[in-house]
Amino acid sequence: MTEAKKKDRILAQIKARKPHGEIVGLNKHIDEFVKDGYVSGSFATDGSIISIRITPQGERFLENGGYLRLYRNRVKQKLWYGFWFVMGVAATKITEKLIDMLFP
């Protein structure tokens, strides 16, 4: 399971009000969820979770595809950058060959 899928699964479990002690991987990602505004909660002085809930922003984020959609968009963007890089190199080589043929 990819990291994005794990994060989406955790957010979905928070949304479903699963007890935070039963959510596998929550402690690893809780800081990121809070920082991104997808989860709010109360925490003890030692950093342990007292209670958590998904925010309206977190619900919208999940409904719109969550972390998996962000991951796929990044991959798609990198593929396009790679494609245009290759096209640029090819165009440069073709131009060089044409110049060499026209002006020997």
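Numbering starts at 1 and runs along the sequence shown. Below, all heavy atoms of this structure are taken into account, side chains as well, without hydrogens, waters or symmetry copies.
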Among residues at least two apart in sequence or on other chains, which ones pass ring pair (Phe, Tyr, Trp, His ring centres under 6.0 Å) with Phe61?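 Here the qualifying residues are Tyr38, Tyr67.
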*asked:* Nearest 0.5 angstrom please: Lys15 NZ to Leu11 CG, how far?
replied: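 Going from the NZ atom of Lys15 to the CG atom of Leu11 covers 10.0 Å.
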What is the distance from atom CD1 of Ile14 to atom CD1 of Ile52, rounded to the nearest 0.5 Å?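 The distance works out to 4.0 Å.
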(message) Going by salt bridge (Lys or Arg N to Asp or Glu O under 4.0 Å), name the pairs with one or both residues in residues 93-102, residues two or more places apart or in two chains.
(response)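 Residue pairs passing salt bridge (Lys or Arg N to Asp or Glu O under 4.0 Å), neighbours aside: Lys93-Glu96.
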Sequence neighbours excluded, every pair satisfying salt bridge (Lys or Arg N to Asp or Glu O under 4.0 Å) that has a member inside residues 33-57
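Every candidate salt bridge (Lys or Arg N to Asp or Glu O under 4.0 Å) pair involving residues 33-57 fails, so no pair, neighbours aside, qualifies.
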Could you pull out all donor-acceptor pairs under 3.5 Å where a side-chain atom in residues 24-34 meets a protein atom, sequence neighbours excluded?
from, atom 1, to, atom 2, distance (Å)
Lys28, NZ, Glu3, OE2, 3.3
His29, NE2, Glu3, OE2, 3.0
Glu32, OE1, Lys7, NZ, 3.0
Glu32, OE2, Lys7, NZ, 2.9

By side chain to side chain donor-acceptor pair (under 3.5 Å), which residues pair with Thr45, not counting sequence neighbours?
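With sequence neighbours excluded, Thr45 shows a side chain to side chain donor-acceptor pair (under 3.5 Å) to no residue whatsoever.
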*asked:* Run the side chain to side chain donor-acceptor pair (under 3.5 Å) test against Ser51 and tell me which residues pass, sequence neighbours left out.
replied: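 For Ser51, the residues satisfying side chain to side chain donor-acceptor pair (under 3.5 Å) (neighbours in sequence not counted) are Ser42.
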Q: Ignoring hydrogens and angles, tell me if any N or O in the side chain of Thr55 forms a donor-acceptor pair with the backbone of Ser40 under 3.5 Å.
A: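 No, the answer is negative, given that no donor and acceptor are paired below the 3.5 Å cut-off.
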task: Examine distances only and state if a side-chain atom of Asp8 and a backbone atom of Leu68 form a donor-acceptor pair shorter than 3.5 Å.
output: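 Side chain of Asp8 to backbone of Leu68, a donor-acceptor pair under 3.5 Å: yes, one is there.
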Residue list, side chain to side chain contact (heavy atoms under 4.5 Å, CB included) with Leu98, at least two apart or on another chain:
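Leu98 satisfies side chain to side chain contact (heavy atoms under 4.5 Å, CB included) with Ile94 only.
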Identify, with sequence neighbours excluded, every residue that meets side chain to side chain contact (heavy atoms under 4.5 Å, CB included) alongside Arg69.
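Scan of Arg69 (side chain to side chain contact (heavy atoms under 4.5 Å, CB included), adjacent residues dropped) gives Asn64, Asn73.
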Check: Which ILVMFWY residues can you reach from Met101 by hopping between side chains whose heavy atoms are under 4.5 Å apart?
Finding: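 Its cluster partners, ordered by chain and number, are none at all.
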### Listed once per pair and sorted, the side-chain hydrogen bond (donor to acceptor under 3.5 Å, both in side chains) pairs that draw on residues 16-25, sequence neighbours left out
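Those involving residues 16-25 do not exist here.
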Show me the donor-acceptor pairs, under 3.5 Å and distance only, between side chains in residues 75-89 and residues at least two apart or in other chains.
from, atom 1, to, atom 2, distance (Å)
Gln77, NE2, Tyr81, OH, 2.9

